[in-house]
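Report on the following structure.
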Amino acid sequence: MKSELTVKAIENGTVIDHIQAENLYKIISIIGIENIDTEVFIGNNLDSKKYGKKAIIKIADKFPSMDDVNKIALIDPNAVINIIKDYKVVDKQQVELPNTIKKFVKCINPKCITNHDDVETDFKVVKKDGKIGLKCYYCEKVTGQNNIEVIK
Amino acid sequence: MKNKSLISINDFSKEEYFKILDLAEEFQKNPNQKLLENHVVASLFFEPSTRTRLSFETAVQRLGGRVIGFSEASSTSVSKGESLKDTILTVSRYADLIIMRHPIEGSARHASVVSDKPIINAGDGSNQHPTQCLLDLYSIRKTQGTLENLNLFLVGDLKYGRTVHSLLQAMAQFNPVFNFVSPPSLRMPQEYKDHLDELGIKYYEHDQLDENINHADIIYVTRVQKERFSDPMDYEKVKNAYILKNKMLENTKPNLKILHPLPRVNEINTDVDTNEKAYYFDQAENGVYTRMAIMALMLGIK
Ligand SMILES: [Zn+2]
């Protein structure tokens, strides 16, 4: 509750909570917060029992698309998305990694067809040693979690 | 297998491999069968590869089919800026089957998505070249009588060699022992070794080509290319370290066969050629039968 008070409450919109502090800036970039024209509140390095330090993002009057949820899951699978109406949480969802990721991530392989022709990327999500990788449907190369670059 | 494309060696199951190898054996016994008489096959080589192209085109001709296509992209509409998608959509209206080689990785998969005719990947950059892998399996099974429990030596450039990576993935399903012989800078990538670890398959790494080969059932040699070394001195140091010579074969197993995807430069000494353990030209010939089998199955005429 403490963190809720630290950052101003919103009447309607989305609260992305339980972000590990180190993932905050990646999430800001992956969902393109710079293009949002409504009120946005960001809190970082807030105390959390679970992680030590956590981050929170509150976005007024906007609700996430499936794509946005997938993007967040890719960066921080532990994040929680709260949908707020009239200052109340009406829906709370733990993000979940999908089996496939389409369009918004770039393939790391410069020789891949998706980096040459007008072909949308398409990856299978693979997990190894607790790390996430994206295996390209076309060139079969794996883009590691640390190399994920978003197509805007 | 009818109408299915062959893009990656992982597209086909073990059972499908056997179906292809069995039919290839039939074609070897009787290589001229007019099964493709009413078919047109497109052979699209966006980058030149004379050996692969001739092998495929021989396979079509032996089956009585006709070939259209090109052997390099510079003389085609591609050089005028046509997208791969448009080229494939057009050619798929003309031909019953498309064989393609392209320098961009994933291009063949993309073609198989846009085309309603089956595509055979004849090499997409450093990614896949599945018909090479199938002809290697054919050659191994034919000479050893089985694919199971073999001791395989892979020699040369194991880091960038697409052929050895595909062969490793395919053979890993048959409980082999692998021996990797390469310069330290061209070792088998970790991801492939991890894959073998997961499957519980044994492998050993060697810096030298030495008497260890006396345990081999198959020695698969690949070329160490100069352009893979950032320092030319490093290349000079290793270039003669992995040459297979006839006298090294003295105490090898009687069933040993030496394979090479060709073209060879100097990594197998020519004095090996007359040794009955040399199998690389037979292997090239097997490529024709294997490709005949693949095409006949994909067109549903066998
Ligand atoms: Zn790719």
Side-chain angles (χ1 to χ4, degrees), chain A residues 23 26 30 65-67 70-71 73-77 96-152, chain B residues 5-12 44 46-47 73 77-78 81-89 100-115 119 121 123-130 133 159-160 162-163 165-166 168-170 189-199:
Chain A
N23 292 330
K26 273 194 180 167
I30 207 168
S65 66
M66 205 54 222
D67 261 10
N70 286 348
K71 288 177 189 176
L74 208 55
I75 303 297
D76 194 331
E96 215 176 301
L97 257 185
N99 296 324
T100 57
I101 297 277
K102 288 187 188 194
K103 287 187 283 194
F104 61 81
V105 179
K106 194 171 144 60
C107 179
I108 195 175
N109 178 7
K111 288 189 196 145
C112 177
I113 184 84
T114 60
N115 290 317
H116 285 261
D117 277 23
D118 184 20
V119 180
E120 283 179 352
T121 61
D122 186 346
F123 301 94
K124 200 168 119 191
V125 178
V126 292
K127 278 179 208 156
K128 219 184 106 188
D129 306 328
K131 292 231 167 189
I132 296 159
L134 301 177
K135 184 170 183 177
C136 178
Y137 173 64
Y138 294 98
C139 74
E140 307 185 18
K141 297 283 178 299
V142 175
T143 301
Q145 194 167 14
N146 301 331
N147 294 317
I148 289 172
E149 196 183 313
V150 180
I151 300 170
K152 300 216 167 157
Chain B
S5 288
L6 176 56
I7 306 301
S8 163
I9 193 65
N10 307 314
D11 289 351
F12 283 177
L44 312 184
F46 295 87
E47 67 175 359
S77 52
V78 178
E82 186 179 52
S83 70
L84 174 63
K85 184 178 174 183
D86 284 4
T87 308
I88 296 297
L89 283 176
M100 69 175 272
R101 185 178 183 103
H102 198 292
I104 300 294
E105 294 162 26
S107 54
R109 181 71 71 193
H110 175 51
S112 76
V113 172
V114 301
S115 167
I119 306 279
N121 182 6
D124 61 329
S126 66
N127 184 31
Q128 288 275 340
H129 187 10
C133 188
K159 185 173 180 186
Y160 301 102
R162 159 184 77 184
T163 319
H165 298 159
S166 299
L168 177 145
Q169 287 170 288
Q190 194 57 43
E191 54 176 300
Y192 294 104
K193 292 188 270 189
D194 288 345
H195 178 62
L196 296 179
D197 286 336
E198 276 163 34
L199 297 171

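Residue numbers start from 1 in every chain, and the chains themselves are labelled A, B, ... in the order their sequence lines are given, proteins ahead of strands.
The choice from B/S8, B/G125, B/S83 that makes the most heavy-atom pairs within less than 4.5 Å of chain A is B/S8.
Taking every heavy atom of both residues into account, A/N109 and B/E105 meet most closely at ND2-OE1, 2.6 Å. Taking every heavy atom of both residues into account, A/K111 and B/I104 meet most closely at O-CG2, 3.3 Å.
Using a 4.5 Å cut-off between heavy atoms, B/Q128 touches chain A through its side chain atoms alone.
The shortest side-chain heavy-atom distance between B/R109 and A/E140 falls under the 4.5 Å cut-off. By the 4.5 Å heavy-atom criterion applied to side chains, A/I113 and B/H102 are not counted as neighbours.
B/Q190 CD: more than 12 foreign heavy atoms inside a 6.0 Å radius.
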query = Can you list the steps and then say if A/Y137 with B/V113 is a side chain to side chain contact (heavy atoms under 4.5 Å, CB included)?
reply = CA-CA 11 Å; A/Y137 173 64; B/V113 172; 3.9 Å; yes

request  = Verify side chain to side chain contact (heavy atoms under 4.5 Å, CB included) between A/D117 and B/K85, making sure each step is shown before the conclusion.
outcome  = CA-CA 9 Å; A/D117 277 23; B/K85 184 178 174 183; 5.8 Å; no

